[in-house]
Amino acid sequence: MKEKGFTTQIIHGDRAASIEHGSIHKPVHQVVFYGYQTAEALAAVFQGTQGGYTYSRQNNPTVTALQTKVSALEQGEDTLCFATGMAAITATCLTLLQAGDHLISSRFLFGNTNSLFQTLSGLGIEVTFVDATDVANVAAALQPNTRMVFVETIANPRTQVADLAAIGEYCRQRELVYVVDNTMTTPALFLPKSVGASLSINSLSKSIAGHGEALGGAITDLGLYDWSRYPNINPVYRKGDPRKWGLQQVRKKGLRDMGASLSPDAAQRIAIGAETLTLRLQRACHNAQALAGFFDQHPAVKQVYYPGLATHPQHQRAQTLFRGFGALMSIDLMDEATCFEVLNRLRCVVLSTHLGDNRTLAIPVAHTIFFEMGPERRAAMGISEGTIRISVGIEDLDDLLEDFSQALG
Ligand SMILES: *Cc1c(COP(=O)(O)O)cnc(C)c1O
């Protein structure tokens, strides 16, 4: 059958697996374990010689349906879902890396991922943080024990765009596992497979769900990495098609053993949210572009960081790689001291962390999400006391313009 379009796939994909009773949504299988008629059947499922479900920490039909959907969106081979995006990232690192290995990571990183990588250092996994907007910095950090490179597509809050394609080519030549956190772009705007990524990670809690009522995360194996060349795959998982070995190890060691499983209820809510992903992102990107232009002209705003502005250092790259410039931006106020005043005047915009929501959200970065890292590291990341991060939603543009306009005074 001809490959269906992106949104058609999200909306009609489940039905290809003939959902029970013709239900239009995959039902919530609110169940922990699965019973079998014979001991032979039970053993066969455990040994993987027959498909089936055993225990919902490892697999659940509602979660499987979402995994299939995410795989289709990413054009990947297979996907594993987790309770949160952070659980997906943690499972990836703890199951594919070992003490003595080296990880090269972008310096411009989601705060909690940054904090997780500090934890890895304590476990004997060496991490080097580099400016990943230039592949030369990744190359300069290479060591004989380097196993993995981790980058985000558009960094938060400063919106740096990683040198995604060149890093992909570099990793391919060196046989490094290339992990791309696609949360900021989602497969609606960018396919990590197009730049040779091995694994794509999505926080499903953000734009993919969009409604802010369920947490989830996913790892998709894009089928490009030859796991038979990867030294850390346990002999137990070196069986069958080598393209499946990596995710099989993450499934067993990271999902079954670590246990941060996605609940079937959350899986269904996320799947329903995803139906409108493209529409929401188109609208949010459109709103964001208009707001970025507005802030750029506003006398109370010193600087705007948004990849859709021609003055953004990686504007050209973002234009080439992405189907839209995303819904996240940050602004620096001319007068840092007015930061809270400006935020307190907002009426429509919600003061909150989180991003990729239907609602527009604003947050003072230095006082909240980047508070723990202290003033020196903040300064190194170019974050001032007057930096406000804005995640643009799908409201009517005029209402957003009016709200920011009155708040900035
Ligand atoms: C939010 C976020 C995560 C973590 O996702 P959760 O579902 O909140 O755990 C990871 N990476 C990026 C880029 C994010 O924005």
Between Trp227 and Leu247, is a side chain to side chain contact (heavy atoms under 4.5 Å, CB included) present by the stated rule, with each step listed? CA-CA 9 Å; Trp227 295 103; Leu247 216 58; over 6 Å; no
Given Met329 and Gln289, is the side chain to side chain contact (heavy atoms under 4.5 Å, CB included) satisfied, shown in steps? CA-CA 9 Å; Met329 71 183 68; Gln289 187 73 43; over 6 Å; no
Let me see the working for Thr338 and Asp335 under side-chain hydrogen bond (donor to acceptor under 3.5 Å, both in side chains), right down to the final yes or no. CA-CA 6 Å; Thr338 62; Asp335 181 359; 4.7 Å; no
Might you work through the side chain to side chain contact (heavy atoms under 4.5 Å, CB included) test for Val250 and Leu80, ending with a clear yes or no? CA-CA 8 Å; Val250 181; Leu80 281 180; 3.8 Å; yes
Given Val151 and Asp181, is the side chain to side chain contact (heavy atoms under 4.5 Å, CB included) satisfied, shown in steps? CA-CA 6 Å; Val151 301; Asp181 181 334; over 6 Å; no
Please assess Tyr170 against Tyr178 for the test ring-ring contact (aromatic ring centres under 6.0 Å, His included), listing each intermediate value before the final yes or no. CA-CA 9 Å; Tyr170 184 82; Tyr178 183 25; 10.0 Å; no
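Interatomic distance, CD of Glu126 versus CG of Leu97, reported as 12.0 Å (0.5 Å rounding). Taking CG of Asp78 as the reference point, atom CD of Gln248 lies at 9.0 Å (rounded to 0.5 Å). Note: Thr62 OG1 to Arg269 CZ = 12.5 Å, rounded to the nearest 0.5 Å. The distance from atom CD of Glu213 to atom OG of Ser205, rounded to the nearest 0.5 Å, is 12.0 Å.
For the residue pair Arg15/His12, the side-chain donor-acceptor check at 3.5 Å is satisfied. Between the side chains of Asn232 and Gln249, no donor-acceptor pair of N or O atoms lies under 3.5 Å. Defined by atom type and a distance below 3.5 Å, a donor-acceptor pair is present between the side-chain atoms of Asp131 and Thr133. For Arg256 and Asn59, the side-chain atoms include no donor-acceptor pair closer than 3.5 Å. A donor-acceptor contact closer than 3.5 angstrom is absent between the side chains of Ser391 and His354. Looking only at atom types and distance, the side chain of Thr68 has no donor-acceptor partner in the side chain of Ser71 under 3.5 Å away. In the model, Glu402 has no side-chain atom that pairs as donor or acceptor with a side-chain atom of Gln406 under 3.5 Å. Ser115 and Asn112 share no side-chain donor-acceptor pair at under 3.5 Å.
The distance between the ring centers of Phe340 and His367 falls below 6.0 angstrom. The aromatic ring centroids of Tyr53 and His29 lie 6.0 Å or more from each other. Proximity of the aromatic rings of Phe295 and Phe404 is defined here by a centroid distance below 6.0 angstrom, and this criterion is met.
Side-chain atoms of Thr159 do not come within 3.5 Å of backbone N or O of Asn156 as any donor-acceptor pair. Judged by distance alone, the side chain of Ser56 and the main-chain N or O of Val31 form a donor-acceptor pair under 3.5 Å. Between the side chain of Asn287 and the main chain of Val392, no donor-acceptor pair closer than 3.5 Å is present. Remark: the backbone N or O of Gly393 is not paired with any side-chain donor or acceptor of Arg359 at under 3.5 angstrom. The closest donor-acceptor contact from the side chain of Tyr306 to the backbone of Gly326 lies under 3.5 Å. Of the possible donor and acceptor atoms, none in the side chain of Arg389 sits under 3.5 Å from a partner among the backbone N and O of Leu328. Of the possible donor and acceptor atoms, none in the side chain of Ser105 sits under 3.5 Å from a partner among the backbone N and O of Phe129. A donor-acceptor pair under 3.5 Å is absent between the side-chain atoms of Ser194 and the main chain of Phe190, judged by distance alone. Using a distance-only test at 3.5 Å, with no hydrogens or angles considered, no donor-acceptor pair links the side chain of Glu395 to the main chain of Leu400. The main-chain N or O of Ala300 is found under 3.5 Å from a side-chain atom of His298 such that the two form a donor-acceptor pair.
Glu77 and Leu222 make their closest contact through CG-C, 4.1 Å (heavy atoms, listed as atom of the first residue, atom of the second, distance). Listed here is the closest heavy atom pair of Asp403 and Arg345: OD1-O, 4.3 Å. Listed here is the closest heavy atom pair of Thr146 and Gln143: OG1-N, 2.8 Å. Minimum interatomic distance between Pro264 and Gln30 (heavy atoms only, all atoms of both residues): CG-NE2, 4.1 Å. What you find for Arg378 and Phe370 is that their closest heavy atoms are NH1-O, 3.0 Å. The two residues Ile233 and Arg238 make their nearest non-hydrogen contact at O-NE, 3.0 Å.
The salt bridge (charged side-chain N to carboxylate O under 4.0 Å, His left out) test applied to Glu175 returns Arg229, not counting sequence neighbours.
A cation-pi arrangement is present between Arg158 and Tyr305, with the terminal nitrogen or guanidinium carbon under 6.0 Å from the aromatic centre and inside a 45° cone about the axis. Cation-pi geometry between Lys244 and Tyr225 is not met at under 6.0 angstrom from the ring centre and within 45 degrees of the axis.
Residues Arg283 and Asp396 are paired through a salt bridge, judged by an N-O separation under 4.0 Å between the basic side chain and the carboxylate. Using a cutoff of 4.0 Å between basic side-chain nitrogens and carboxylate oxygens, Asp14 and Lys26 are not scored as salt-bridged.
Residue Glu74 is tested with Thr79, Asn202, Thr186 for a side chain to side chain donor-acceptor pair (under 3.5 Å); the sole match is Asn202.
Enclosure of atom CD in Glu372 is not indicated, since only 12 or fewer non-hydrogen atoms of other residues, nucleotides or ligands lie within 6.0 angstrom.
You'll find the side chain of Met148 stays beyond 4.5 Å of the side chain of Ile104, heavy atoms only. Arg243 is not listed as a side-chain neighbour of Asp221, based on a closest heavy-atom distance of 4.5 Å or more. Between Glu152 and Leu109 there is a side-chain heavy-atom pair separated by less than 4.5 Å. Using a 4.5 Å heavy-atom cutoff, the side chains of Phe117 and Ile125 are not in contact.
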